[in-house]
Undergrad: 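Here it is: the structure, laid out below.
By convention in this document, chain letters (A, B, ...) are assigned in the order of the sequence lines, proteins followed by strands, and residues within each chain are numbered from 1.
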Amino acid sequence: MKTLYLATLLLTLPATASAAEPATMAGHDHGTMMRSQARVWTELPVLKARMKGQDMSSRSVIMQPQNIAADAIEAWSNDLADAKGHRNLPIGMGGAELDKPATGGFQLLTAREVQGDAVRVASTVHYFGERGGKNPTAMFDQVKHELEIVPQPYPREHSRYRASEDWQFAVRFKGQPLPAQKILLETSNGSQAEFLTDAMGVATVHVPDDFKPEEEQSKGDSHGMRRSADFVLAVSHADGSLQYLTAFNSSYGANAFENRSIGMGLGFVLLGMLGAAPLLRKRKAVARKEERTNA
Amino acid sequence: MLKSLFPTLGRFRLSVQILMLFVTVYGGALLGSYTVDRISKALPSLSCAYDKLTGDHCILIVNQHQLHHRLGAALAKAGDVALNVFIPTLMSVGVFFLFFFFLNKAFCGWVCPLGTVQELLYKIGRRLGRPLNRFKPENVGKVRPAKWFMLLVLVLGLPTLAGMGVVANEMGDPFCQVCPSRIATTLLTADTEQLAVRTGTSINFFFGALGNALFGFIIIAALAVRQPFCRICPLLSWNALFQRLSPMRLVKKESHEKCAKCGVCEKACPMDIHEIGTAFGKKAFHEDCTLCGRCAEYCPDDDVIQLKFFGFKLFGSLRDYYKNRIKFETPEGQPKKRVIPILCKPADNNG
């Protein structure tokens, strides 16, 4: 069933979605380049962030569109009062440089491709931690494209998508919720799943626990974000002669309990409790005094 | 109406504490996921950032992160410490102290969720008839420096050194790793992740094991010791730095000579501040005071102990209030009504 849905989704894609069709990319050299630089784990459109630079002050973020031919990436800041918060980021040779606005931590990014009757949109969120976690709900509420996948909510500061967790996403078309809409999930670890939106157009997506032991990456991060993979959600919807496909991608971390031991945790708690247990014992003199008082 | 709802200052404070416990622990779930940003700006409180439902972030994790990621990293560049590095740290500390300026240590006694949890456990301990273990005047001084050690080493020192690359990166937020609130508040949201000890590296394991053991110790100790963790909490020392600047304060007037012999306010103090019974003026407002107001509630003389804000009396001791208060609860917090008849022995009426 999932394979069938994937096939249907892919049928809605114009030729740009296929790496085997370079001719269709003739007018979109940047997109071709982006596709060739990344490890191919999906044929759905995604926006991938790459860090450039060593430390936080000089680091810049390069957004790389994959499987989509676009000339620019559109960016929205969660600080709606910032007149410069909504901007177009031209895609250069290495991708589009995401500028860090003066305010607004959450940045919603989309790339759009229109070919004939097919409209394809890639979307993601980038978070600038140093700009603070101001509520991005109003930013998500703004209608930006016809077909949209909206995180409800997006992981806030000190949080992220993680394996084995459930997260909600709303699907809307021209600002209206799309009930009973299929959402396809693909991960860079190779998982696929399918979800259905409810009457409010909201689907609960279970992030698969699909990290393999041998894939362990760098350790030692103090925030518990040791391993990371990517996922993409995609929906398609037909409206008249137009066929829409929208994807939302992000990264997710390993299961919260990876490299953790609940057994040892309980053991040390019990050890601490035992250490405090003598405090609960009544001294004989106190006990005798109480007995006298009660008598 | 208000008087029937809150017949005593203690009842009013408990109501505020319960309300703040819900805001700080479940605020995100009740008011929206991103409430944490809005509430943190207005109320840089004491709730754990590891709690996914919290409506607030504790100032201490912000301090550690900024020292770790900004100040420490900049110091490592030898001379590249610019204003744009210091400003974020000063901003967060400044906002905290601006808020603290008005509330002073009522922050600890009225808002802190871990303080509330410990007080509730102590109440359970009273119902279960457990003994009260107090620090005596001769030994309370031994535990008081611990809060300064926690602040200087775990909140300020190690995160800065981690940012400089002098110590391991895992020491970027060492206080959070040992803070019992991290486990207590996440468990209150049915999240067991923080209870599980991290086993990735030996440093993670060490801090995790220490934090869990401390949590276990505090949970049991709180049944028989009032506010066991508050005594070593670095926020107590953070606040103490600016305690005298705040318009919110505890005031004790010089009274008759019998005052020092009475000692009821000493017994009522959950932080074992014996100075409240013997000292007057500024000395009575000790650095460990959390402005809970129990000393004022249990002072049998009119207006000798007062909570004041900008010089205005918010609450002052009253003989009639004291007489009424003592009918229901001893200064040590022992209820005088049997609630669990088998386990609970009612306190005698001598206070």
Undergrad: If the plane angle is over 60° it's perpendicular, under 30° parallel, otherwise tilted; pick one for Phe248(A) and Phe231(A).
TA: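 Rings of Phe248(A) and Phe231(A): tilted, 30 to 60°.
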
Undergrad: Between Leu274(A), Leu266(A), Leu270(A), Ile262(A), which has the largest tally of heavy atom pairs under 4.5 Å with chain B?
TA: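 Result: the option with the highest number of such pairs is Ile262(A).
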
Undergrad: Please flag which part of Leu271(A) lies under 4.5 Å from any non-hydrogen atom of chain B: side chain, backbone, both or neither.
TA: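 For Leu271(A), no heavy atom lies under 4.5 Å from chain B.
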
Undergrad: Between His145(A) and Thr246(A), is any side-chain donor less than 3.5 angstrom from a side-chain acceptor?
TA: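 Distance-only check fails for His145(A) and Thr246(A).
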
Undergrad: By a 4.5 Å heavy-atom criterion (distance strictly below it), what part of Leu214(B) contacts chain A: side chain, backbone, both, or neither?
TA: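 For Leu214(B), there is no contact with chain A at all, as no heavy atom is under 4.5 Å.
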
Undergrad: Report the relative orientation of the aromatic rings in Tyr154(A) and Phe140(A); use parallel for angles under 30°, tilted for 30 to 60°, perpendicular for over 60°.
TA: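 Ring orientation, 0 to 90° scale: tilted.
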
Undergrad: Strictly by modelled atom types, are Arg198(B) and Gln177(B) linked by a side-chain donor-acceptor pair under 3.5 Å?
TA: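 Indeed, the side chains of Arg198(B) and Gln177(B) share at least one donor-acceptor pair under 3.5 Å.
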
Undergrad: Are Leu154(B) and Pro159(B) side-chain neighbours, meaning at least one heavy-atom pair lies under 4.5 Å?
TA: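 Side-chain contact under 4.5 Å: no.
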
Undergrad: Name the option with the most non-hydrogen atom pairs under 4.5 Å to chain A; the candidates are Gly125(B), Gly208(B), Ala196(B).
TA: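 Option with the top pair count is Ala196(B).
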
Undergrad: For each of Ile203(B), Thr192(B), Leu132(B), tally heavy-atom pairs with chain A at distances under 4.5 Å, and name the one with the top tally.
TA: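 Answer, by heavy-atom pair count under 4.5 Å with chain A: Thr192(B).
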
